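Please read all numbers here as calculations on a predicted model, not as lab measurements.
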Amino acid sequence: MTELLALDHVSVDFRIARSGLLAHRQVLRAVADVSFSIASGETLALVGESGSGKSTIGNVVAGLQAPTSGNLRINGKGQSRKIQIIFQDPFAALDPRMTVAAIITEPLRINRIGTEADRRLRAEKLIGQVGLPRDALNRYPHEFSGGQRQRIAIARALAPEPLLVVADEPLSALDVSIQSQILNLMRDIQQRTGLAYLFIS
């Protein structure tokens, strides 16, 4: 399989104020010398206890956090819109003022992909792929359960046709009965599209 992404000796430091005194700062090393690679269509699980830096690594991969040292390669190039992220909390991850259609098409608008009509068609296709009815597109996040919201978040992540999705503990806020449904959905999408996952747990 083709290597899609590689981290080479990545470290991330955060400068934090100590005892509330801005004049005295110390460095917290959140991630120390991490290296791994992910191939196209592969799932890599990143497992560790709370506070071990897993989400920080996910943010580095997704382009939301710059590493302090080390390198990140994506298909031999730098950051790309071909990497998307599914966040841990489906209740906080969706803008309550936006319709589902606007949420799903937001990555397309930001990256200037397609016309408005193209984006709407893409949203209609995706909402069906994640198991929600088409009329869900005209509704707002508060009208859905946690599992349904996570399906919407998955549809948003898939909108720009990414090669890799960072799934940052996407099941932890869901009931056990819903967790298996979301896992099965993600597996089915991977089998259809060849998508790669960095699955944080």
Side-chain angles (χ1 to χ4, degrees), residues 1-7 36-47 54-55 57-64 72-88 90 93-94 100-134 136-137 141 144 146-172 174 178-201:
M1 288 187 291
T2 304
E3 182 183 89
L4 176 61
L5 173 140
L7 266 69
F36 62 78
S37 64
I38 303 176
S40 299
E42 183 180 33
T43 297
L44 177 69
L46 189 60
V47 181
K54 306 183 304 296
S55 291
I57 292 174
N59 287 339
V60 169
V61 170
L64 303 177
L72 170 67
R73 298 194 315 276
I74 301 169
N75 257 346
K77 300 178 182 179
Q79 289 290 353
S80 166
R81 64 176 169 82
K82 292 299 185 180
I83 296 181
Q84 296 293 311
I85 188 168
I86 302 168
F87 294 100
Q88 178 177 356
L94 306 180
V100 170
I103 289 169
I104 293 174
T105 58
E106 184 177 28
L108 303 177
R109 291 194 309 274
I110 290 172
N111 289 288
R112 299 179 181 177
I113 300 172
T115 65
E116 196 63 37
D118 293 335
R119 296 167 195 160
R120 178 72 187 197
L121 288 173
R122 179 75 175 144
E124 290 175 357
K125 180 180 178 181
L126 286 168
I127 205 69
Q129 286 183 353
V130 299
L132 293 175
R134 183 178 294 185
L137 292 172
F144 297 91
Q148 290 171 324
R149 292 186 196 199
Q150 202 62 298
R151 289 172 184 268
I152 294 166
I154 291 170
R156 175 178 61 187
L158 294 176
E161 299 183 317
L163 301 175
L164 170 70
V165 168
V166 178
D168 188 2
E169 300 194 50
L171 309 177
S172 61
L174 304 177
I178 304 299
Q179 291 179 1
S180 61
Q181 296 178 20
I182 298 299
L183 274 178
N184 288 337
L185 172 64
M186 294 176 69
R187 181 192 61 193
D188 291 344
I189 290 168
Q190 185 178 49
Q191 290 173 347
R192 285 200 312 269
T193 65
L195 189 65
Y197 289 122
L198 173 60
F199 202 97
I200 297 172
S201 180

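Arg134 is linked by a side chain to side chain contact (heavy atoms under 4.5 Å, CB included) to Glu124, Leu137, counting only residues two or more places apart in sequence or in another chain. Applying the side chain to side chain donor-acceptor pair (under 3.5 Å) test to Glu42 and every residue at least two apart in sequence or in another chain returns nothing. Partners of Gln148 by side chain to side chain contact (heavy atoms under 4.5 Å, CB included), not counting sequence neighbours, listed by chain and number: Leu132, Phe144, Ser145. Partners of Asp118 under the side chain to side chain donor-acceptor pair (under 3.5 Å) rule, at least two apart in sequence or in another chain, are Thr115. Residues forming a salt bridge (charged side-chain N to carboxylate O under 4.0 Å, His left out) with Arg122 (at least two apart in sequence, or on another chain): none. In this structure, Arg109 has no salt bridge (charged side-chain N to carboxylate O under 4.0 Å, His left out) partners at least two apart in sequence or on a different chain. Remark: Thr43 engages Gln190 in a side chain to side chain donor-acceptor pair (under 3.5 Å) (not counting sequence neighbours). Under the side chain to side chain donor-acceptor pair (under 3.5 Å) criterion, Arg156 pairs with no residue, sequence neighbours left out.
Minimum heavy-atom separation, Leu108 to Ala159: CD2-O, 3.4 Å. Closest heavy-atom contact between Leu72 and Val60: CD2-O, 3.4 Å. Residues Gly147 and Ile178 come closest through the heavy atom pair CA-CG2, 3.5 Å. Across all non-hydrogen atoms, the minimal contact from Pro170 to Ile200 is CD-O, 4.2 Å. Looking at every heavy atom in both residues, Ala157 comes nearest to Ile86 through CB-CG1, 3.9 Å. Contact detail for Glu169 and Ser172: the closest heavy-atom pair is O-OG, 3.2 Å.
Looking only at distances, no side-chain donor or acceptor of Gln150 sits under 3.5 Å from a matching main-chain atom of Leu171. Side-chain atoms of Arg119 come within 3.5 Å of backbone N or O of Ile113 as a donor-acceptor pair. The closest donor-acceptor contact from the side chain of Gln129 to the backbone of Ala155 lies at 3.5 Å or more, if one exists at all.
Taking CG from Leu121 and OG1 from Thr105, the interatomic distance works out to 11.5 Å, rounded to the nearest 0.5 Å. Atom CD of residue Gln181 and atom CG of residue Asn184 lie 8.0 Å apart, to the nearest 0.5 angstrom. The CD1 atom of Ile154 sits 14.5 Å away from the CZ atom of Arg149 when rounded to the nearest 0.5 Å. Separating the OG atom in Ser40 from the CD atom in Glu3 is a distance of 9.5 Å, to the nearest 0.5 Å. The distance from the OG1 atom of Thr2 to the CD1 atom of Ile38 is 14.0 Å, given to the nearest 0.5 Å. One distance of note links CZ of Arg187 with CD1 of Ile182; it measures 13.0 Å at 0.5 Å rounding.
Contact of the Arg73 side chain with the Leu5 side chain is not registered, since no non-hydrogen atoms from C-beta on lie closer than 4.5 Å. Side-chain contact between Ile152 and Pro141 is absent, with no heavy atoms from C-beta onward closer than 4.5 Å. With contacts defined as side-chain heavy-atom distances shorter than 4.5 Å, the pair Ile103/Glu106 does not qualify. Under the 4.5 Å side-chain criterion, counting only non-hydrogen atoms from C-beta, Pro133 is not in contact with Ile127.
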Name each donor-acceptor pair under 3.5 Å that joins a side chain in residues 161-168 to protein atoms two or more places apart or in another chain, with its distance.
{"residue": "Asp168", "atom": "OD1", "partner": "Ser55", "partner atom": "OG", "Å": "3.0"}
{"residue": "Asp168", "atom": "OD2", "partner": "Ser55", "partner atom": "OG", "Å": "3.0"}

Acceptor/donor pairs from residues 191-198 side chains to any protein atom, 3.5 angstrom cut, sequence neighbours excluded:
{"residue": "Thr193", "atom": "OG1", "partner": "Ile189", "partner atom": "O", "Å": "2.8"}
{"residue": "Thr193", "atom": "OG1", "partner": "Leu195", "partner atom": "N", "Å": "3.3"}
{"residue": "Tyr197", "atom": "OH", "partner": "Met186", "partner atom": "O", "Å": "2.7"}

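A side-chain contact (heavy atoms from CB on, under 4.5 Å) with Phe199 is found for one member of Leu46, Val47, Leu183, Leu44 and no other, namely Leu183.
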